[in-house]
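Read the structure below first, then the notes.
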Amino acid sequence: VSTQSTGFASHLRMSFPTQLNESRFVSLLEKLIGETKFLQNHPPKFIPQEDKAVAHVVETLKPFTKENGGPLSVQHISYVEGRGNVIISYPADAPDSFPTVAFVGSHLDVVPATPESWQRDPFKLVVEGDKLYGRGTTDCLGHVALLTDLFVQLAETKPKVNTKIVAVFIASEEDASIPDVGVDKLLKDGKLDFLKKGPVYWIDASDSQPCIGTASAMTWSLKVKGKLFHSGLPHKAINSIELANEVLRSVQDYFYEKFPALPQEKRYNFQVPSTMKPTQVSCSQGSLNQIPAHCTIMGDIRLTPFYDCKVVQDTLVQYVKSLSENLDQLSTRGPASKYNLPAENRKAEVELTFERDVYWGIACNIDSFGYTALAQSTEEVIGKIAPYSVGGSLPLVKDLQASGLDVQITGFGKSDVYHGDNEYCCLSDMKNAFVILTKVIQKLDAQSSK
């Protein structure tokens, strides 16, 4: 991916923020991490109370709000009691029509932590040199504290900009099984429509480089019904385990034939193409001398964003349906293995189903000015640009892109501790992040003034 200059200057302004306020950042992060016991998200056991984090953010911003004579607009929007979202805006100097730059996706909930498996208290910020330990430091309260300090400094320095600068902190990102709480509801209600005037940076990734692509994720179940019988008489049974494995082999072969690697995946630096694989297996319980009647193999498909999930699902379901009517074409396991018992007018039953929920992957527009500004700013600060794509999935970003937003993805935590024990971020990374984001704003503002 090329990041050659497109001929625009960084558009520096004398009053523009230049570096992270370390003490304010650490102080706010300490307060946020102190609330993480109540921000864990895994219903029904853990239902987060994001407003406990919101309170600290709002308190930090309060002296700089319009109500107190400052330039910031701060909206606290809740759809479920105690589970708020926050929209922060710094105004453009232009009175009427103005472009926007938005930082969205930094969330106020965290994944659960098991204190017994940590070497430190996960619910307390622990500072050890450059490393800041605690649940949420990388994902994603470190980003919340970072962006809060950025907006405080905008309010302090009051640069004149042609671009409206926005941050959206969201609830319910880690587990959206309770619907209409976070960014999904904000989008439905039109609260983010004004962001279509400029790029949207999803600040919830890692390693201080642009993430330019994610995979779609969908889970499947292959269910096989055979016939239970004594293992000493296998010719009178239909072995569901053997059949399930043969069907899966055939389905996987068909999947890789129909949905092979694509040229676009190289441009986006995907390390692997689309994949289909089993991850769990179960069968009807019995003794070891019984051939089981039922077997279910479950797994997932990770699909690069250049394929349509619905097309893939329909194609595979139809293939298995056709296969189930012609099981004799499959290989058997030895002379006594069979999938039909004509004398009994019995044959095996096979069905492939998909779970309703699908995480849709995204291919960011790497030809847009929004990406160019991010890539150049990253290279100027870090010294290199290494955009990457992942086989993992991010919730919601595809919905934002489909609504017409130019979504770009980046983040400044550590991927090797994402959702893990002893999670940490580095203060030095957050200091670099502050400079990267201010450069992004300045480049976009310079472009808007042309």
Side-chain angles (χ1 to χ4, degrees), residues 24-25 27-68 72-89 102-115 121-125 134-149 151-152 166-192 195 202-204 357 394-397 399-400 413 419 423:
R24 183 163 52 206
F25 168 79
S27 176
L28 176 57
L29 185 58
E30 182 177 27
K31 294 173 184 176
L32 294 173
I33 301 303
E35 301 287 3
T36 49
K37 187 177 292 186
F38 309 102
L39 303 178
Q40 298 176 96
N41 191 353
H42 187 56
K45 184 177 182 180
F46 295 114
I47 299 178
Q49 304 168 50
E50 285 94 343
D51 276 357
K52 288 185 176 294
V54 169
H56 296 296
V57 171
V58 170
E59 183 64 24
T60 302
L61 297 170
K62 187 176 180 180
F64 308 99
T65 61
K66 290 181 178 179
E67 293 78 3
N68 291 302
L72 299 182
S73 169
V74 179
Q75 297 175 268
H76 179 199
I77 302 174
S78 296
Y79 299 105
V80 175
E81 185 176 356
R83 306 199 61 190
N85 306 272
V86 181
I87 300 179
I88 312 164
S89 300
F103 304 104
V104 180
S106 295
H107 51 91
L108 303 158
D109 59 331
V110 301
V111 294
T114 304
D121 185 347
F123 307 124
K124 178 182 177 181
L125 184 68
R135 174 56 88 220
T137 47
T138 268
D139 184 27
C140 188
L141 297 174
H143 293 131
V144 172
L146 167 72
L147 289 167
T148 300
D149 186 63
F151 276 81
V152 168
V166 182
V168 182
F169 299 149
I170 61 173
S172 194
E173 191 273 347
E174 293 292 5
D175 189 321
S177 57
I178 300 175
D180 295 335
V181 178
V183 73
D184 54 338
K185 183 62 171 174
L186 292 172
L187 191 61
K188 288 179 186 176
D189 280 3
K191 300 293 187 183
L192 305 181
L195 301 183
W202 186 267
I203 309 295
D204 183 25
D357 292 334
L394 283 172
L396 311 171
V397 291
D399 293 336
L400 294 174
H419 293 189
E423 179 183 347

Is there a donor-acceptor pair closer than 3.5 Å between any side-chain N or O of Asp109 and the backbone N or O of Ala171? no
Show, in sequence, the C-alpha distance, side-chain angles and deciding distance for Leu39 and Arg135, and conclude whether the side chain to side chain contact (heavy atoms under 4.5 Å, CB included) test is met. CA-CA 10 Å; Leu39 303 178; Arg135 174 56 88 220; over 6 Å; no
Find out whether Glu173 and Leu108 are in side-chain contact, i.e. whether some heavy atom of one side chain is under 4.5 Å from a heavy atom of the other. no
Stepwise, does the side chain to side chain contact (heavy atoms under 4.5 Å, CB included) test hold for Lys45 with Gln40? CA-CA 9 Å; Lys45 184 177 182 180; Gln40 298 176 96; over 6 Å; no
Considering residues at least two apart in sequence or located in another chain, which fulfil the ring pair (Phe, Tyr, Trp, His ring centres under 6.0 Å) criterion with Phe103? Tyr201
Could you report the tightest heavy-atom contact between Gly84 and Glu50, atom names first, then the distance? O-CB, 4.0 Å
Nearest 0.5 Å please: distance from the CG atom of Asp51 over to the NE2 atom of His56. 11.0 Å
Mind running side chain to side chain contact (heavy atoms under 4.5 Å, CB included) on Asn41 and Phe46 for me, showing each step along the way? CA-CA 5 Å; Asn41 191 353; Phe46 295 114; 5.9 Å; no
Could you check whether any side-chain N or O of Asp180 sits under 3.5 Å from a backbone N or O of Lys185, counting only pairs where one atom can act as donor and the other as acceptor? no
side-chain contact (heavy atoms from CB on, under 4.5 Å) test vs Thr148 passes for just one of Val58, Thr60, Leu32, namely Thr60
Residue pair Asn68 / Lys62: nearest heavy atoms and the distance that separates them: ND2-O, 2.8 Å
Counting only N and O atoms by type, is there a donor-acceptor contact under 3.5 Å from the side chain of Glu423 to the main-chain atoms of Thr137? yes
Going by heavy atoms in the side chains, are Asp184 and Asp399 under 4.5 Å from each other? no
State, yes or no, whether a side-chain contact exists between Phe169 and Val144 at a heavy-atom distance under 4.5 Å. yes
Is there a side-chain contact between Pro43 and Asp175 (heavy atoms, below 4.5 Å)? yes
Of all heavy-atom pairs between Phe123 and Pro115, which one has the smallest distance, and what is that distance? CE1-CG, 3.8 Å
For a 4.5 angstrom cut-off between non-hydrogen side-chain atoms, does Val86 reach Val74? yes
Name the residue from Val54, Val57, Ile87 that meets the side-chain contact (heavy atoms from CB on, under 4.5 Å) definition with His76. Val54
When you compare the side chain of Asp204 with that of Asp139, does any pair of heavy atoms fall below 4.5 Å? yes
Taking the side chain as C-beta and beyond, is there a heavy-atom pair between Arg83 and Ile178 under 4.5 Å? yes
State, to 0.1 Å, how close His107 and Cys140 come at their nearest heavy-atom pair, and which atoms those are. NE2-CB, 3.3 Å
I need the minimum non-hydrogen distance between Ala113 and Pro122, along with the two atoms involved. CB-CB, 3.8 Å
Give, for atom NZ of Lys191 and atom CG of Leu186, the distance between the pair rounded to the nearest 0.5 Å. 8.0 Å
Could you tell me which non-hydrogen atom of Phe25 sits nearest to which non-hydrogen atom of Gly142, and how far apart they are? CE1-O, 3.4 Å
Ser89 side-chain N/O to Ser73 backbone N/O, donor-acceptor pair under 3.5 Å: no
Before giving the answer on side chain to side chain contact (heavy atoms under 4.5 Å, CB included), spell out for Val168 and Val183 the whole-Å C-alpha distance, their side-chain angles and the decisive distance to 0.1 Å. CA-CA 9 Å; Val168 182; Val183 73; 5.5 Å; no
Ile33 CD1 to Leu28 CG distance, which is reported to the nearest 0.5 Å: 9.5 Å
Is there side-chain contact between Val181 and Tyr79, with heavy atoms separated by less than 4.5 Å? no
